[in-house]
Amino acid sequence: MPPTRPRHRFTSRLTSVCVAQIFTRITGGGDMSTIDESLRSIAERVRTHSSTMATEEAVKTAVVLPFLRALGYDVFDPTEVVPEFTADAVGKKGEKVDYAIKIDNEIRILIECKPISVALDKKHLDQLYRYFSVTNAKFAILTNGRTFNFYTDLEATNKLDTRPFFVFDVTDFNPGILSELRKFEKASFDVVAILATAERLKYTSGVKQIISRLMEEPSEDLVRIVSAGVYDGRMTSPVREMFTGIVRAAFREVIMDTVKSRLSNALADTEAVIEKIDLPAADEPEVVTTEEEREGYMIVKAIVRDTISPKRVVMRDQRSYCGILVDNNNRKTAGAAVVQSVGQVYRPVRR
């Protein structure tokens, strides 16, 4: 009887522990472990202790300062992270903003904090709006500890936009958000590079919000446009109500079908590749590939398929571990996730 390895929860462990790390390493995104781990810690703090963050000071201590530290700023240096920054704005002499970030001795980022229970709105931009025009700041952040809104002056020079170009929820981040946040790290801060993608981010974010709203509550105009292609009758109130429900359901089904298709394609590629790689020699015990390992391999391929060809991601299953590699090359450890029989995920030593 061929030896078998104990069953383990490969899929859940992979998803919760190292999806972002696998994506980053396979796509060559560099080491984001510091900001990644810090954000995870902050996210957990917000989830479990948000009820205690009823004041601005609590949000600053528990979220904002750890966030700035994760980006590489020295929160203990008041000449770099300036608390209660004061500048003489028009009509508001001596008004303060919570933090000003200095880079190369120039004010570059302004930060205003609100209690976590406050829903961020344009009215909370007043101080940042005034300060932005009288300093050399190029970016402003408005946060309540859970949501971070990033602003700049895309619409008019030295005049803060009323709509953010980048928004993220600290409890719901992903590798794409980490990539954008890394542009604000002290070591790699580049105004030109950030502005180059800020406009696209701003309008993409706005469009996504509109689409999300339309998916949940299709507008009358959208219902008319969609139904015009399949219904020739008169658009009465009952018909419009019927098609509103149909459009809402169709949106959801399209998304589900797309997800299923991507996972099915990844699984089909997996089945084909597994048959070809690492066939056991006649004198070697058979290696048993578990369903959990196949599912984990499928998830990794689905994650990176928009960045590299899924055919380059292969599984190498051994008696003691299961490896997921790029180009079937065990020296390319940046793209490997190794799972040992105890059910824990290990990252190989870097080259």
Side-chain angles (χ1 to χ4, degrees), residues 55-57 59-60 63-75 77-116 118-170 177 180-206 209:
T55 66
E56 290 183 15
E57 292 305 317
V59 168
K60 292 177 188 177
V63 179
V64 177
L65 290 179
F67 173 72
L68 293 176
R69 191 174 185 184
L71 292 176
Y73 298 102
D74 186 352
V75 298
D77 183 355
T79 65
E80 181 170 299
V81 179
V82 186
E84 298 295 312
F85 178 70
T86 303
D88 291 335
V90 177
K92 294 285 183 178
K93 187 174 182 179
E95 189 177 47
K96 298 177 180 179
V97 69
D98 290 320
Y99 294 106
I101 308 301
K102 283 188 174 182
I103 300 175
D104 295 331
N105 209 34
E106 291 281 353
I107 299 294
R108 284 305 188 203
I109 305 173
L110 299 173
I111 304 174
E112 182 66 20
C113 306
K114 298 298 176 184
I116 201 165
V118 172
L120 302 180
D121 196 74
K122 292 180 181 179
K123 64 183 180 182
H124 300 124
L125 282 176
D126 290 347
Q127 287 171 274
L128 290 174
Y129 187 88
R130 288 189 288 269
Y131 270 55
F132 193 84
S133 62
V134 297
T135 66
N136 292 324
K138 288 302 296 179
F139 304 100
I141 300 175
L142 177 64
T143 181
N144 60 7
R146 181 185 298 274
T147 303
F148 283 71
N149 292 351
F150 288 69
Y151 300 83
T152 188
D153 56 350
L154 293 174
E155 297 176 7
T157 304
N158 294 328
K159 184 179 179 181
L160 195 66
D161 297 342
T162 57
R163 288 188 299 176
F165 69 87
F166 177 48
V167 178
F168 84 95
D169 184 330
V170 75
I177 288 177
E180 295 302 325
L181 286 177
R182 195 168 191 189
K183 296 175 183 177
F184 288 89
E185 286 184 310
K186 178 183 176 181
S188 57
F189 186 83
D190 186 336
V191 172
V192 175
I194 297 173
L195 291 177
T197 58
E199 188 169 22
R200 177 186 59 80
L201 284 172
K202 177 180 179 179
Y203 295 117
T204 299
S205 175
Q209 290 177 19

Test item: Phe148 and Val63 side chains (from C-beta on) under 4.5 Å apart, heavy atoms: yes
If every non-hydrogen atom of Ser188 is compared with every non-hydrogen atom of Arg182, which pair is closest and at what distance? OG-O, 3.0 Å
Should Phe189 and Phe139 count as side-chain neighbours, where that means a heavy-atom distance under 4.5 Å? yes
Is the shortest heavy-atom distance from the side chain of Ile111 to the side chain of Asp98 under 4.5 Å? no
Check the orientation of Phe184 and Phe150. Use parallel for under 30°, tilted for 30 to 60°, and perpendicular for over 60°. tilted
side-chain contact (heavy atoms from CB on, under 4.5 Å) between Val64 and Val59: does it pass, once the steps are laid out? CA-CA 6 Å; Val64 177; Val59 168; 4.0 Å; yes
Nearest atoms (heavy-atom pairs only) where Leu110 meets Ala100: CD2-CB, 3.9 Å
I would like to know whether Ile177 and Phe166 meet side-chain contact (heavy atoms from CB on, under 4.5 Å); could you show each step before the answer? CA-CA 9 Å; Ile177 288 177; Phe166 177 48; 4.0 Å; yes
For the residue pair Lys102 and Arg108, establish whether any side-chain heavy-atom pair is separated by less than 4.5 Å. no
CG of Asp74 to CG of Leu68, rounded to nearest 0.5 Å, is 11.0 Å
For Lys186 and Ile101: C-alpha separation, side-chain torsions, deciding distance, then whether side-chain contact (heavy atoms from CB on, under 4.5 Å) applies. CA-CA 10 Å; Lys186 178 183 176 181; Ile101 308 301; over 6 Å; no
Does the side chain of Arg69 reach to within under 4.5 Å of the side chain of Val81, using non-hydrogen atoms? no
Could you measure the distance from the CG atom of Asn144 to the CG atom of Leu142? Nearest 0.5 Å is fine. 7.5 Å
Spell out, as yes or no, whether a donor-acceptor pair under 3.5 Å connects the side chain of Thr162 to the backbone of Lys122. no
Could you check whether any side-chain N or O of Glu112 sits under 3.5 Å from a backbone N or O of Leu128, counting only pairs where one atom can act as donor and the other as acceptor? no
Applying side-chain contact (heavy atoms from CB on, under 4.5 Å) to Thr86 and Lys96, what does each step give before you reach the verdict? CA-CA 5 Å; Thr86 303; Lys96 298 177 180 179; 3.3 Å; yes
Could you tell me if the side chain of Asp169 sits less than 4.5 Å from the side chain of Arg146, heavy atoms only? yes
So, are Glu84 and Lys60 salt-bridged, with charged N and O less than 4.0 Å apart? yes
Grab the two heavy atoms, one from Tyr129 and one from Lys159, that are nearest each other, plus how far apart they are. OH-CE, 2.8 Å
Hey, what do you get for CG (Asp153) to CG (Leu160), rounding to the nearest 0.5 Å? 7.5 Å
With heavy-atom distances below 4.5 Å as the criterion, would you say the side chains of Lys138 and Ile194 are in contact? no
Do side-chain atoms of Asp161 reach the backbone of Arg163 as a donor and acceptor pair under 3.5 angstrom? no
Is the Phe67 ring parallel, tilted or perpendicular to the Phe168 ring (thresholds 30°, 60°)? tilted
Would you please indicate yes or no on a ring centroid separation below 6.0 angstrom for Tyr151 and Phe132? no
Does Asp121 CG have over 12 foreign heavy atoms under 6.0 Å away? yes
Would you indicate whether the side-chain heavy atoms of Tyr99 and Leu65 approach each other to under 4.5 Å? yes
Nearest 0.5 angstrom please: Ile141 CD1 to Thr147 OG1, how far? 13.0 Å
